[in-house]
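Computed from a predicted structure; not experimentally measured.
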Protein chains: 2
Amino acid sequence: MDSFGAFVRDRREALRQTDRRYSLRQVAERIGVEPSYLSKVERGEVAPPSEETIVRLARELDVLPDVLLALAGKVSSDLLDTIRKRPLLFGQLLRELRDLPDHAVLRLVREVRDGDW
Amino acid sequence: MDSFGAFVRDRREALRQTDRRYSLRQVAERIGVEPSYLSKVERGEVAPPSEETIVRLARELDVLPDVLLALAGKVSSDLLDTIRKRPLLFGQLLRELRDLPDHAVLRLVREVRDGDW
DNA sequence: TGTATTGTGTACTACATGATACACGCTCGT
DNA sequence: ACGAGCGTGTATCATGTAGTACACAATACA
């Protein structure tokens, strides 16, 4: 269940092939955490870090923050804010969409994006 | 900013008009918290309770859990689960809908509910 | 009038989260 | 060969969350 740590380690080591600045220690320093902590995170010995730390890590490893947040099982705080502003409305919507297949939801996304809403 | 506590107190005292079993102490006992704690919650001296306690309180006061959860500024865990299952998809959707007016989102909800999705 | 019940103040607590601090032994490059 | 840099183990901590425990004064009521 620790896809997060494994993903981070893989990605970091991939970058390291061509750039020796991607050692665990140096990455830890650049994102502002202790090396021992990042070590534990990568091995899944501890839970994924906070949202802020995950975002800094994502930037450092040049991956989409959303991807890393998803692997960590976190819902990003801007989405939470979006829901909190209109909880009943978005609650209703999400429960309606919960059981629909991806393609149906995607169709909706495109419709909204392209349409004259 | 404590609409939660105020709402709970108002609702409880309304029920109490016709049923003396809605004293703070008795409600506290039925939902399984200390009276002093419920007192602090109602007066906004402390933050709203956990989701579980909020739901028990909602049942006791016969209001929709979603309403109380919304007043507490909490996003209910079943919605979080829904997003967590397909984070990129729902993330994209919510960001698309974030700035649309209520009626547009509602139209979407109805379209999905009534349509042949 | 007294006792049963009520709401509240003060003090404390258990547990989770998100880390830090530092020592240790290994390994890689010069 | 040896020192710089590496990853990791152990111990510890600060803050937040979600409450409990209990005494107390006011009130209601029979």
Side-chain angles (χ1 to χ4, degrees), chain A residues 1-2 4-58 60-61 65 68-69 71-77 80, chain B residues 1-2 4-58 60-61 65 68-69 71-77 80:
Chain A
M1 273 298 184
D2 177 38
F4 181 84
F7 180 92
V8 169
R9 171 146 297 189
D10 286 354
R11 175 66 183 152
R12 186 178 57 75
E13 292 190 335
L15 290 170
R16 202 188 190 185
Q17 297 303 311
T18 60
D19 189 340
R20 66 196 181 295
R21 290 175 15 249
Y22 287 89
S23 73
L24 185 149
R25 278 184 112 93
Q26 294 192 36
V27 169
E29 178 161 34
R30 286 198 296 275
I31 67 170
V33 300
E34 288 291 312
S36 62
Y37 180 57
L38 181 55
S39 170
K40 276 170 268 199
V41 167
E42 286 193 355
R43 288 171 298 120
E45 199 191 295
V46 300
S50 68
E51 177 167 351
E52 292 71 33
T53 299
I54 288 178
V55 170
R56 291 197 306 277
L57 187 52
E60 184 63 31
L61 301 179
L68 233 45
L69 285 173
L71 285 171
K74 308 225 182 203
V75 175
S76 86
S77 56
L80 291 180
Chain B
M1 273 301 178
D2 175 39
F4 180 84
F7 181 92
V8 168
R9 172 145 298 191
D10 286 355
R11 175 65 182 152
R12 185 178 57 74
E13 293 191 333
L15 289 171
R16 206 187 186 188
Q17 297 304 313
T18 62
D19 188 339
R20 66 195 181 292
R21 286 169 26 246
Y22 286 90
S23 75
L24 185 150
R25 278 183 112 96
Q26 294 192 36
V27 169
E29 178 162 34
R30 286 198 296 275
I31 67 171
V33 301
E34 288 291 312
S36 63
Y37 180 57
L38 181 55
S39 169
K40 277 172 264 198
V41 167
E42 287 193 355
R43 287 171 298 123
E45 199 192 297
V46 300
S50 67
E51 178 168 351
E52 292 69 34
T53 298
I54 288 178
V55 170
R56 289 198 307 278
L57 188 51
E60 184 62 31
L61 300 180
L68 233 45
L69 251 8
L71 285 171
K74 310 226 179 200
V75 176
S76 86
S77 56
L80 291 180

May I have all residue pairs that pass side chain to side chain donor-acceptor pair (under 3.5 Å) and include part of residues 13-22 of chain B, sequence neighbours excluded? Asp19(B)-Arg21(B)

So the side chain to side chain donor-acceptor pair (under 3.5 Å) pairs with at least one residue in residues 36-46 of chain B (sequence neighbours excluded) are Arg9(B)-Glu42(B), Arg12(B)-Glu42(B), Ser39(B)-Arg43(B), Arg43(B)-Glu45(B)

Spacing of [X] atom [atom1] relative to [N] atom [atom2], expressed in whole Å:
X	N	atom1	atom2	answer
Lys74(B)	dG16(D)	NZ	P	15 Å
Ile31(B)	dT20(D)	CD1	C1'	14 Å
Leu38(A)	dT20(C)	CG	P	11 Å
Glu52(A)	dA19(C)	CD	P	8 Å
Glu34(B)	dG9(C)	CD	P	16 Å

Could you list the protein-to-nucleotides 25-29 of chain C atom pairs, N/O on both sides, closer than 3.5 Å?
none

If you compare every side-chain N and O of Thr53(B) against the phosphate oxygens of dA18(D) (OP1, OP2), does one of them come in below 4.0 Å? no

Partners meeting salt bridge (charged side-chain N to carboxylate O under 4.0 Å, His left out) with Glu51(A) (sequence neighbours left out): none

For Arg30(A), all residues meeting salt bridge (charged side-chain N to carboxylate O under 4.0 Å, His left out), sequence neighbours excluded: Glu60(A)

Roughly how far apart are [X] [atom1] and [Y] [atom2], rounded to 0.5 Å?
X	Y	atom1	atom2	value
Arg56(B)	Ser50(B)	CZ	OG	6.5 Å
Leu71(A)	Ile54(A)	CG	CD1	9.0 Å
Ile31(B)	Leu61(B)	CD1	CG	7.5 Å

Check nucleotides 4-10 of chain D against the protein and report each pair of N or O atoms closer than 3.5 Å, with its distance, or say if there are none.
{"from": "dC6(D)", "atom 1": "OP1", "to": "Ser23(A)", "atom 2": "OG", "distance (Å)": "2.9"}
{"from": "dC6(D)", "atom 1": "OP1", "to": "Gln26(A)", "atom 2": "NE2", "distance (Å)": "3.1"}
{"from": "dC6(D)", "atom 1": "O3'", "to": "Arg16(A)", "atom 2": "NH2", "distance (Å)": "3.4"}
{"from": "dG7(D)", "atom 1": "OP1", "to": "Arg16(A)", "atom 2": "NH1", "distance (Å)": "3.2"}
{"from": "dG7(D)", "atom 1": "OP1", "to": "Leu24(A)", "atom 2": "N", "distance (Å)": "3.2"}
{"from": "dG7(D)", "atom 1": "OP2", "to": "Leu24(A)", "atom 2": "N", "distance (Å)": "2.8"}
{"from": "dG7(D)", "atom 1": "OP2", "to": "Arg25(A)", "atom 2": "N", "distance (Å)": "3.0"}
{"from": "dG7(D)", "atom 1": "N7", "to": "Arg25(A)", "atom 2": "NH1", "distance (Å)": "2.4"}
{"from": "dG7(D)", "atom 1": "O6", "to": "Arg25(A)", "atom 2": "NH1", "distance (Å)": "2.8"}
{"from": "dT8(D)", "atom 1": "OP1", "to": "Arg9(A)", "atom 2": "NH1", "distance (Å)": "3.4"}
{"from": "dT8(D)", "atom 1": "OP2", "to": "Arg9(A)", "atom 2": "NH2", "distance (Å)": "2.7"}
{"from": "dT8(D)", "atom 1": "OP2", "to": "Ser39(A)", "atom 2": "OG", "distance (Å)": "2.8"}
{"from": "dT8(D)", "atom 1": "O5'", "to": "Ser39(A)", "atom 2": "OG", "distance (Å)": "3.4"}
{"from": "dG9(D)", "atom 1": "OP2", "to": "Arg43(A)", "atom 2": "NH1", "distance (Å)": "2.7"}
{"from": "dG9(D)", "atom 1": "OP2", "to": "Arg43(A)", "atom 2": "NH2", "distance (Å)": "3.2"}
{"from": "dG9(D)", "atom 1": "O6", "to": "Ser36(A)", "atom 2": "OG", "distance (Å)": "3.4"}
{"from": "dT10(D)", "atom 1": "O4", "to": "Lys40(A)", "atom 2": "NZ", "distance (Å)": "2.7"}

Considering every strand and a 4.0 Å limit on heavy-atom distances, what is the contact class for Val46(B): base, sugar-phosphate, or nothing? nothing

Report the C-alpha separation of Arg11(B) and Val8(B) in whole Å, then their side-chain angles, then the decisive distance to 0.1 Å, and conclude whether the side-chain contact (heavy atoms from CB on, under 4.5 Å) test is met. CA-CA 5 Å; Arg11(B) 175 65 182 152; Val8(B) 168; 5.9 Å; no

